[in-house]
Amino acid sequence: AQKVTQAQTEISVVEKEDVTLDCVYETRDTTYYLFWYKQPPSGELVFLIRRNSFDEQNEISGRYSWNFQKSTSSFNFTITASQVVDSAVYFCALSEWGSQGNLIFGKGTKLSVKP
Amino acid sequence: DVKVTQSSRYLVKRTGEKVFLECVQDMDHENMFWYRQDPGLGLRLIYFSYDVKMKEKGDIPEGYSVSREKKERFSLILESASTNQTSMYLCASSLAGWNEQFFGPGTRLTVL
């Protein structure tokens, strides 16, 4: 069965530190998509990235980077030089080929960045 | 920009009441979804719809129903609200298939 595990429930860092949020997934499909969403204190989930299972290239977007490794079924998210505005709950999610786009979410990691 | 709106940010209802949560998207998306979010449980899918008048059960459909009479609107209905349905309800839409989902601001429902 499909599953997404975010083992870190809460992380607290000081501004300018780098931080990595872990995501491990389980699926039997060979075709699937992985996502990261950010939920700031305001509550609205914001889409960050989508990756398909055939593209293992790492992605960098400003201070954000993602490391996708099929060998370990992981899709980790790193924030470089964290800022207070990065404080949020971050969700990793999986969508399998036969699921009509339904997302299976991890339980989220709450990141607190202190000044 | 895609906009997903939900009819209320906060709602307080009494046990046994019929409750309607409305969601509207303005980007002609095919798919629409209803989730509930609870502390420690993450987001769980209640129902989804991939076309007008079509609906599919998600992981936790019990106690809920949905309606999609128009492409842009997806309603979640609690036929007889119960206290265990107190939660944050999130609506989302996506273009089709495995495109990213866009979320509304959420409705925090309290059932007394």
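In what follows, chains carry the letters A, B, and so on, assigned in the order in which the sequence lines appear, proteins first and then strands, with residues in each chain numbered from 1. Just so we're clear, the structure is a prediction, and the values are computed from it rather than from any experiment.
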**Report entry** Whether over 12 other heavy atoms sit under 6.0 Å from B:Leu112 CG
**Finding:** yes

Query raised in the report: Should we say atom CZ of A:Phe54 is surrounded by more than 12 heavy atoms from elsewhere, each under 6.0 Å from it?
Result: yes

Report task. Answer whether the closest heavy-atom distance between the side chains of A:Asn102 and B:Asn31 falls below 4.5 Å. Result -> no

Query raised in the report: Side chain, backbone, both or neither: which part of B:Arg44 has a heavy atom under 4.5 Å from chain A?
Result: neither

Report task. Please check if B:Val24 and B:Tyr89 belong to a single hydrophobic cluster, counting links between Ile, Leu, Val, Met, Phe, Trp and Tyr side chain heavy atoms closer than 4.5 Å. Result -> no

Query raised in the report: Taking everything shown except A:Lys3 itself, do over 12 heavy atoms lie less than 6.0 Å from its NZ?
Result: no

Requested in this report: Quick one: closest heavy-atom pair of B:Leu43 and A:Phe105, and the distance?
Outcome: CB-CD1, 3.8 Å

**Report entry** B:Arg14 atom CZ: more than 12 heavy-atom contacts under 6.0 Å
**Finding:** no

Query raised in the report: Are any of the side-chain heavy atoms of A:Glu44 and B:Leu90 separated by less than 4.5 Å?
Result: no

Query - A:Ser42 portion near chain B, given a 4.5 angstrom heavy-atom threshold - result: backbone

Query raised in the report: Sub-3.5 Å donor-acceptor pair from the side chain of A:Tyr33 to the main-chain atoms of B:Glu100, do we have one?
Result: no

Query raised in the report: With a 4.5 angstrom heavy-atom cut-off, which part of A:Gln39 approaches chain B: side chain, backbone, both or neither?
Result: side chain

Query raised in the report: Tell me, side chain or backbone of A:Tyr32 under 4.5 Å from chain B's heavy atoms, or both, or neither?
Result: neither

Requested in this report: Under 4.5 Å heavy-atom distance to chain B, tell me which part of A:Leu103 shows up: side chain, backbone, both or neither.
Outcome: both

Requested in this report: Is it possible for you to say whether B:Val66 and B:Phe33 belong to one hydrophobic cluster, with membership spreading through side-chain heavy-atom contacts below 4.5 Å?
Outcome: no

Query raised in the report: Do A:Ile104 and A:Tyr37 share a hydrophobic cluster, counting only Ile, Leu, Val, Met, Phe, Trp and Tyr and linking them when any side-chain heavy atoms are less than 4.5 Å apart?
Result: no

Query - Stepwise ring-ring contact (aromatic ring centres under 6.0 Å, His included) test for B:Phe103 and A:Phe47 - result: CA-CA 9 Å; B:Phe103 283 80; A:Phe47 165 75; over 10 Å; no

